[in-house]
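Have a look at the structure below before the remarks.
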Number of protein chains: 2
Amino acid sequence: MTQPLPKYDVFQAIADPTRRQLLQLLTDQEMPVTVISGHFPMSRTAVSKHLRVLAEAGLVKERKVGRETRYRLDPEPLRELKRWLAYYERYWENKLSMLKHYVESDESDETTS
Amino acid sequence: MTQPLPKYDVFQAIADPTRRQLLQLLTDQEMPVTVISGHFPMSRTAVSKHLRVLAEAGLVKERKVGRETRYRLDPEPLRELKRWLAYYERYWENKLSMLKHYVESDESDETTS
DNA sequence: ATTATACGAAACCAAATGGTTTCATGTCAA
DNA sequence: TTGACATGAAACCATTTGGTTTCGTATAAT
């Protein structure tokens, strides 16, 4: 009940460039925190925080193995992004519709004044 | 030269829910600031700032008409997002590859220890 | 000419963000 | 058991962010 109400959504999660790099890095490999942070010019703790943000957004899954925590990509939440994007896709698919809208709103005013 | 070096990229721009609503609102209509801000529970100035962020990311275009500034959607920068997304798409297209990766990285360790 | 409208700029503020360092804890290795 | 390693939690800090209010200015309307 009362879902933990994730603090971060996909949109926020991918807004940060470091987090996007993290996703890319974890695409093909499940990796422990220390190894992951080795790829970034910031402290392990900082990377760890980014990972938690990604985890809250559901973009990575963690798994405890001995004393280490391994992370791997879970692209599932990107579906939402895909759907969001699909809505606008038709607008660049044919620039015609764009132009149409532009002209229409333009006229609707010029003719009224 | 030396491009104004846009302060906001698409990822940041769409991270904010208000700005996503703005995009949606401007999808079918070119609108002046006052009208736009009428759709939001915040000050006109606040909306204006969001619009500037969107403009810097190239997601909206502004046009001065008399004393008003009209904004309209420009979905072009969303192509970049689309491309970014395409990279991950294959990973959810078949969960098989995901599982494969998972098992592989799992074994590569269990068998080594 | 005067007033009202549409807007941006500026100054300001609280909260969120991205980073740090330090400390505590659990697990592995000698 | 003793020490090293892997990690998260906590406290802290500077900057950014998202919002506000106030003021200036350009354009439109009377």
Side-chain angles (χ1 to χ4, degrees), chain A residues 4-23 25-26 29-57 59-72 105 109-113, chain B residues 4-23 26 29-57 59-72 105 109-110 112-113:
Chain A
L5 191 57
K7 191 179 175 188
Y8 292 94
D9 62 21
V10 191
F11 293 94
Q12 277 179 271
I14 67 167
D16 186 273
T18 300
R19 286 196 289 268
R20 290 199 297 277
Q21 284 182 241
L22 277 168
L23 291 182
L25 183 63
L26 295 174
Q29 288 280 337
E30 184 194 47
M31 297 169 62
V33 179
T34 306
V35 175
I36 296 173
S37 79
H39 291 73
F40 296 85
M42 65 189 73
S43 73
R44 174 187 51 79
T45 315
V47 172
S48 192
K49 282 206 222 169
H50 280 303
L51 285 169
R52 212 164 331 118
V53 171
L54 289 173
E56 277 187 49
L59 284 164
V60 298
K61 293 303 175 204
E62 17 177 329
R63 181 173 65 115
K64 293 302 238 32
V65 176
R67 57 183 162 183
E68 54 186 29
T69 309
R70 300 190 192 160
Y71 287 87
R72 66 189 172 84
S105 59
D109 184 87
E110 249 67 277
T111 53
T112 316
S113 60
Chain B
L5 191 57
K7 192 179 175 189
Y8 291 94
D9 61 21
V10 191
F11 293 95
Q12 278 179 271
I14 67 168
D16 185 274
T18 300
R19 286 196 289 267
R20 290 198 298 278
Q21 284 181 242
L22 277 168
L23 291 181
L26 295 174
Q29 288 281 334
E30 185 194 46
M31 296 168 64
V33 178
T34 307
V35 175
I36 296 172
S37 79
H39 291 73
F40 295 84
M42 65 190 73
S43 74
R44 174 186 52 80
T45 314
V47 171
S48 192
K49 282 208 221 168
H50 280 302
L51 286 170
R52 211 165 333 117
V53 171
L54 290 173
E56 277 188 48
L59 285 164
V60 298
K61 293 302 176 206
E62 17 176 330
R63 180 172 67 115
K64 292 302 238 32
V65 175
R67 60 183 160 182
E68 54 186 29
T69 309
R70 299 192 193 159
Y71 287 88
R72 66 189 173 83
S105 60
D109 183 86
E110 248 67 279
T112 316
S113 60

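Chain identifiers are assigned alphabetically (A, B, ...) following the order of the sequence lines, protein sequences preceding nucleic acid strands; residue numbering begins at 1 within each chain.
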Could you tell me whether [X] contacts a base, only the sugar-phosphate backbone, or nothing, with contacts defined as non-hydrogen atoms closer than 4.0 Å?
| X | answer |
| --- | --- |
| B/Q12 | sugar-phosphate |
| A/Y71 | sugar-phosphate |
| A/S43 | base |

Taking OP1 and OP2 of [N], is either one under 4.0 Å from a side-chain nitrogen or oxygen of [X]?
| X | N | value |
| --- | --- | --- |
| A/H50 | C/dT17 | no |
| B/T34 | C/dC7 | yes |
| A/Y8 | C/dT17 | yes |
| B/S48 | C/dG8 | yes |

Whole-Å distance separating the [atom1] atom of [X] from the [atom2] atom of [N]:
| X | N | atom1 | atom2 | value |
| --- | --- | --- | --- | --- |
| B/E30 | C/dA6 | CD | P | 16 Å |
| A/E62 | D/dA6 | CD | C1' | 14 Å |
| A/L51 | C/dG18 | CG | C1' | 14 Å |
| A/E68 | C/dT25 | CD | C1' | 16 Å |
| A/D9 | C/dT17 | CG | P | 10 Å |
| A/R19 | C/dT17 | CZ | P | 8 Å |
| B/I14 | D/dG18 | CD1 | P | 13 Å |
| A/K64 | C/dT25 | NZ | C1' | 10 Å |

What's the closest nucleotide to the side chain of [X] if the choices are [options]?
| X | options | value |
| --- | --- | --- |
| B/R44 | D/dT7, C/dT20, C/dG8 | C/dG8 |
| A/M42 | C/dC7, C/dT20, D/dT20 | C/dT20 |
| B/R67 | C/dT5, D/dG18, C/dG18 | C/dT5 |
| A/K49 | C/dT20, C/dC7, C/dA10 | C/dT20 |

For B/Y71, is the NZ or CZ atom of B/R63 found under 6.0 angstrom from the centre of its six-membered ring and inside 45 degrees of the ring axis?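 Not satisfied by the 6.0 Å and 45° rule.
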
Under 3.5 Å: donor-acceptor pair, side chain of A/R19, backbone of A/H50: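 Between the backbone of A/H50 and the side chain of A/R19 there is no qualifying donor-acceptor contact (under 3.5 Å).
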
Point-to-point distance, once rounded to the nearest 0.5 Å, from CG of A/L54 to CG of A/L22: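 Reported value, rounded in 0.5 Å steps: 6.0 Å.
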
With rounding to the nearest 0.5 angstrom, report the CD to CG distance, A/E56 to A/L51.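 Here the interatomic distance stands at 12.0 Å.
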
May I ask you to say whether A/K64 pairs ionically with A/E62, meaning some side-chain N is under 4.0 Å from a carboxylate O?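 Answer for the salt bridge query: no.
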
Would you mind telling me which residue lines up with the more 5' stretch of DNA chain C, A/G66 or A/D16, judged by nearest nucleotide?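 The 5'-side residue here is A/D16.
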
